[in-house]
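Counting starts at 1 for both ligands and their atoms, in listed order. One is the number of the first residue; the rest follow in order along the sequence.
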Amino acid sequence: MAEPTLDQLRARIDRLDEILVHTLAERFRQTAKVGALKARDTLPAFDPDREARQRARIETLAKEAGLDPDFAQHIHGLIVDQVKDNHRKISGEQ
Ligand SMILES: C=C(O[C@@H]1C=C(C(=O)O)C=C[C@H]1O)C(=O)O
């Protein structure tokens with residue numbers, strides 16, 4: 001089979017970017033619901049046990065997928081930090 005052209009490769013990348021953005025938007029919609037529950041029940045934004053489990057899972061998933069696990073942790077950490085900022089704003093927690 002012929003090698004994909006530059007345009008074809010870029011079309012695939014654009015599609016993957018679209019999936020990433022939609023996936024992130026959906027994740028934030030779901031975490032916003034968690035934030036509302038936590039604010040209602042006066043629970044803290046940060047759940048260290050949950051995050052430790054997520055970090056271990058991300059490490060495994062990244063290795064299985066052939067993605068640099070440190071890079072995966074970095075990206076996941078940025079997303080989770082943004083979620084916690086959002087939760088703190090909802091609840092008024094400092
Ligand atoms: C969304 C939550 O709140 C925080 C954000 C998390 C996330 O974005 O995955 C995970 C743990 C919490 O520190 C949660 O507790 O599930």
Quick one: look up the protein heavy atom nearest [atom] and list residue, atom name and how far away it is.
atom	value
atom 10 (C) of ligand 1	Gln54 OE1, 3.3 Å
atom 5 (C) of ligand 1	Val83 CG1, 3.7 Å
atom 13 (O) of ligand 1	Glu51 OE2, 2.5 Å
atom 6 (C) of ligand 1	Val80 CG1, 3.8 Å

Against heavy atoms of [X], which atoms of ligand 1 measure under 4.0 Å?
X	value
Phe46	13 (O)
Arg27	7 (C), 8 (O), 9 (O)
Ala45	3 (O), 4 (C), 12 (C), 13 (O)
His87	1 (C), 2 (C), 3 (O)
Val34	1 (C), 2 (C), 14 (C), 16 (O)

Exercise. Do Arg10 and Asp7 sit within salt-bridge range, that is, some charged N less than 4.0 Å from a carboxylate O?
Worked result: no

Exercise. For atom 3 (O) of ligand 1, which candidate among His76, Arg50, Lys38 holds the nearest heavy atom?
Worked result: Lys38

Exercise. Can you check whether Asp47 has an N/O within less than 3.5 Å of an N/O in ligand 1?
Worked result: yes

Exercise. Do ligand 1 and Thr31 have nitrogen or oxygen atoms that lie under 3.5 Å from each other?
Worked result: no

Problem set entry | Of all pairs that satisfy side-chain hydrogen bond (donor to acceptor under 3.5 Å, both in side chains), the ones with a partner from residues 57-70, not counting sequence neighbours | Glu59-Lys63

Could you tell me whether the side chain of [Y] reaches within less than 4.5 Å of the side chain of [X], counting heavy atoms only?
X	Y	result
Gln54	Arg50	yes
Arg88	Phe46	yes
Ile79	Gln82	no

Exercise. For the side chain of Lys38 and the backbone of Leu43, is there at least one donor-acceptor N/O pair under 3.5 Å apart?
Worked result: no

Exercise. Does Phe28 share a hydrophobic cluster with Val34, counting links as ILVMFWY side-chain heavy atoms below 4.5 Å and allowing steps through other members?
Worked result: no

Exercise. Do you reckon Leu24 sits in the same ILVMFWY cluster as Phe71, going by side-chain contacts under 4.5 Å, direct or chained?
Worked result: yes

